[in-house]
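Values reported hereafter were calculated over all heavy atoms of this structure, with side chains retained and with hydrogens, waters and symmetry mates removed.
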Amino acid sequence: MIRLKDLQELKLRGEKFSCLTCYEATFASVMQAAEIEVILVGDSLGMVVQGQSSTVPVTVADMAYHTRAVARGNTHALIMADLPFMSYATLEQCLTSSRKLMQAGAHLVKLEGGLELAPMIRSLKSAGTPVCAHLGLTPQSVNVMSGYKVQGRGDTAGKQLIDEALQLAQAGAALLLVECIPAELAAELTQKSSVPVIGIGAGAATDAQVLVMHDMLGVNLGRPAKFVKNFMLEADSIEGAFVAYHEAVKGGHFPGSEHTFSA
Ligand code: KIV
């Protein structure tokens, strides 16, 4: 069974780990056979499972349902579950929503935002719940950001992102996740952070990578993002695609420069 301390040790040894999204038991069991270390029950399920146009409609009940399903198929990977839109707007909501996901089988919860998350992270940590802070492109804020765009470009925005991420780690975040930021910025954050940094669309220097399972299996409702690679093209089974992804991440071969944003 993978634990947070194992991920911390991998970071200290300079070894990478892999993470994929998953929403149900069968794929979870195939992922653990492929030795994927972290399974993310992402609120991306709103889009890839429910067919919604964003993650905003996803509820805590939806997340708990899929977390329970993943937990039943898994004995090996660390399960991280997303707190969905507006389920952690106050400390009380945050604790109640997190309790539901942890009781459904999550080992840690993930929330999206910046410095405003510090009180939630402190409270969750003292209530026995580890947290991953998701910064950069935060899809739950799509209506504020007016679309899915690269974040942290330019000196001021880049410095702010690094400061906020490090302060959230200081507040107790066990993991950081950065989405769609320039590779140079993600590399600087990874080097400065004492906790593991997971990247998506953030270049190859982060301690770990995550992709949405449907994207890396080449089944998309829309056009795949620049940072996506279809691993089915080099595999003859779904398990083979998970293994190819895991090995590419561990070996530092994914993402390539064609999947990466520059400053
Ligand atoms: O919900 C999700 O799948 C995510 C990943 C894109 C990191 O948060």
Next item on the list: I would like to know whether Gln209 and Thr206 meet side-chain hydrogen bond (donor to acceptor under 3.5 Å, both in side chains); could you show each step before the answer?
Entry: CA-CA 7 Å; Gln209 299 291 329; Thr206 51; 3.0 Å; yes

Please determine, by modelled atom types, if [X] and [Y] share a side-chain donor-acceptor pair under 3.5 angstrom.
{"X": "Ser98", "Y": "Tyr88", "answer": "no"}
{"X": "Thr67", "Y": "Tyr65", "answer": "no"}
{"X": "Asp62", "Y": "Gln50", "answer": "yes"}

Does atom [atom1] ([X]) have a neighbourhood of more than 12 heavy atoms from anything else shown, all under 6.0 Å?
{"X": "Glu92", "atom1": "CD", "result": "no"}
{"X": "Leu233", "atom1": "CG", "result": "yes"}
{"X": "Met145", "atom1": "CE", "result": "yes"}

Check: Is it the case that one hydrophobic cluster holds both Val109 and Leu91, taking links as side-chain heavy atoms less than 4.5 Å apart, direct or via other members?
Finding: yes

Margin query: Please say yes or no: joined through hydrophobic side-chain contacts below 4.5 Å, possibly via intermediate residues, are Val49 and Val30 part of one cluster?
Written below: yes

Check: Is Lys159 paired with Asp155 through a side-chain N to carboxylate O contact shorter than 4.0 Å?
Finding: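 Between Lys159 and Asp155 there is no salt bridge, as every charged N stays at least 4.0 Å from the carboxylate O atoms.
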
Check: Between Glu37 and Lys250, does at least one N-O distance fall below 4.0 Å, as a salt bridge requires?
Finding: yes

If every non-hydrogen atom of [X] is compared with every non-hydrogen atom of [Y], which pair is closest and at what distance?
{"X": "Met120", "Y": "Ala89", "answer": "CE-O, 3.6 Å"}
{"X": "Pro57", "Y": "Ser54", "answer": "CD-O, 3.3 Å"}
{"X": "Leu161", "Y": "Leu135", "answer": "O-CD2, 4.4 Å"}
{"X": "Ala187", "Y": "Ala205", "answer": "CB-CB, 3.6 Å"}
{"X": "Gly147", "Y": "Leu137", "answer": "O-CD1, 4.5 Å"}

Strictly distance-based, threshold 3.5 Å: is any side-chain N or O of [X] a donor or acceptor partner for the main-chain N or O of [Y]?
{"X": "Lys11", "Y": "Ala208", "answer": "no"}
{"X": "Lys229", "Y": "Asp215", "answer": "no"}
{"X": "Thr190", "Y": "Ala186", "answer": "yes"}
{"X": "Glu35", "Y": "Ala33", "answer": "no"}
{"X": "Ser97", "Y": "Ser87", "answer": "yes"}
{"X": "Gln93", "Y": "Thr90", "answer": "yes"}
{"X": "Gln32", "Y": "His76", "answer": "yes"}
{"X": "Asn220", "Y": "Arg223", "answer": "no"}
{"X": "Asp6", "Y": "Arg3", "answer": "yes"}
{"X": "Thr138", "Y": "His134", "answer": "no"}

Taking the side chain as C-beta and beyond, is there a heavy-atom pair between [X] and [Y] under 4.5 Å?
{"X": "Lys149", "Y": "Cys180", "answer": "no"}
{"X": "Asp43", "Y": "Met63", "answer": "yes"}
{"X": "Ser44", "Y": "Tyr23", "answer": "yes"}
{"X": "Leu217", "Y": "Met213", "answer": "yes"}
{"X": "Pro182", "Y": "Val150", "answer": "yes"}
{"X": "Val195", "Y": "Leu176", "answer": "yes"}
{"X": "His246", "Y": "Phe17", "answer": "no"}
{"X": "Ile79", "Y": "Met102", "answer": "no"}

Item checked: Lys100: salt bridge (Lys or Arg N to Asp or Glu O under 4.0 Å) partners, not counting sequence neighbours -> none

Next item on the list: Decide yes or no on side-chain contact (heavy atoms from CB on, under 4.5 Å) for Leu20 and Val210, but give the supporting numbers first.
Entry: CA-CA 5 Å; Leu20 282 176; Val210 60; 5.8 Å; no

Next item on the list: Determine, step by step, whether Phe227 and Leu211 satisfy the side-chain contact (heavy atoms from CB on, under 4.5 Å) criterion, reporting the C-alpha distance in whole Å, the side-chain angles of both residues, the deciding distance to 0.1 Å, and the verdict.
Entry: CA-CA 9 Å; Phe227 55 78; Leu211 280 180; 4.1 Å; yes

Notebook entry, point to check: Can you check whether Phe27 and His214 have ring centres sitting under 6.0 Å from each other?
Noted result: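 Between His214 and Phe27, which both carry aromatic rings, the centre distance is not below 6.0 Å.
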
Notebook entry, point to check: Do the ring centers of Phe231 and Phe254 come within less than 6.0 Å of each other?
Noted result: yes

Notebook entry, point to check: Which distance, rounded to the nearest 0.5 Å, do you find between the CG of Leu78 and the CD1 of Ile39?
Noted result: 9.5 Å

Notebook entry, point to check: Roughly how far apart are Cys19 SG and Leu175 CG, rounded to 0.5 Å?
Noted result: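 The SG atom of Cys19 sits 9.0 Å away from the CG atom of Leu175.
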
Using a 3.5 Å cut-off and no angle test, enumerate the donor-acceptor pairs between side-chain atoms of residues 121-131 and protein atoms at least two apart in sequence or in another chain.
unit_1	atom_1	unit_2	atom_2	d
Ser123	OG	Pro119	O	3.1
Ser126	OG	Arg122	O	2.9
Ser126	OG	Ser123	O	3.3

Margin query: Enumerate the salt bridge (charged side-chain N to carboxylate O under 4.0 Å, His left out) contacts for residues 174-201, please, sequence neighbours excluded, ordered by first and then second residue.
Written below: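 Sorted result for residues 174-201: Glu188-Lys192.
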
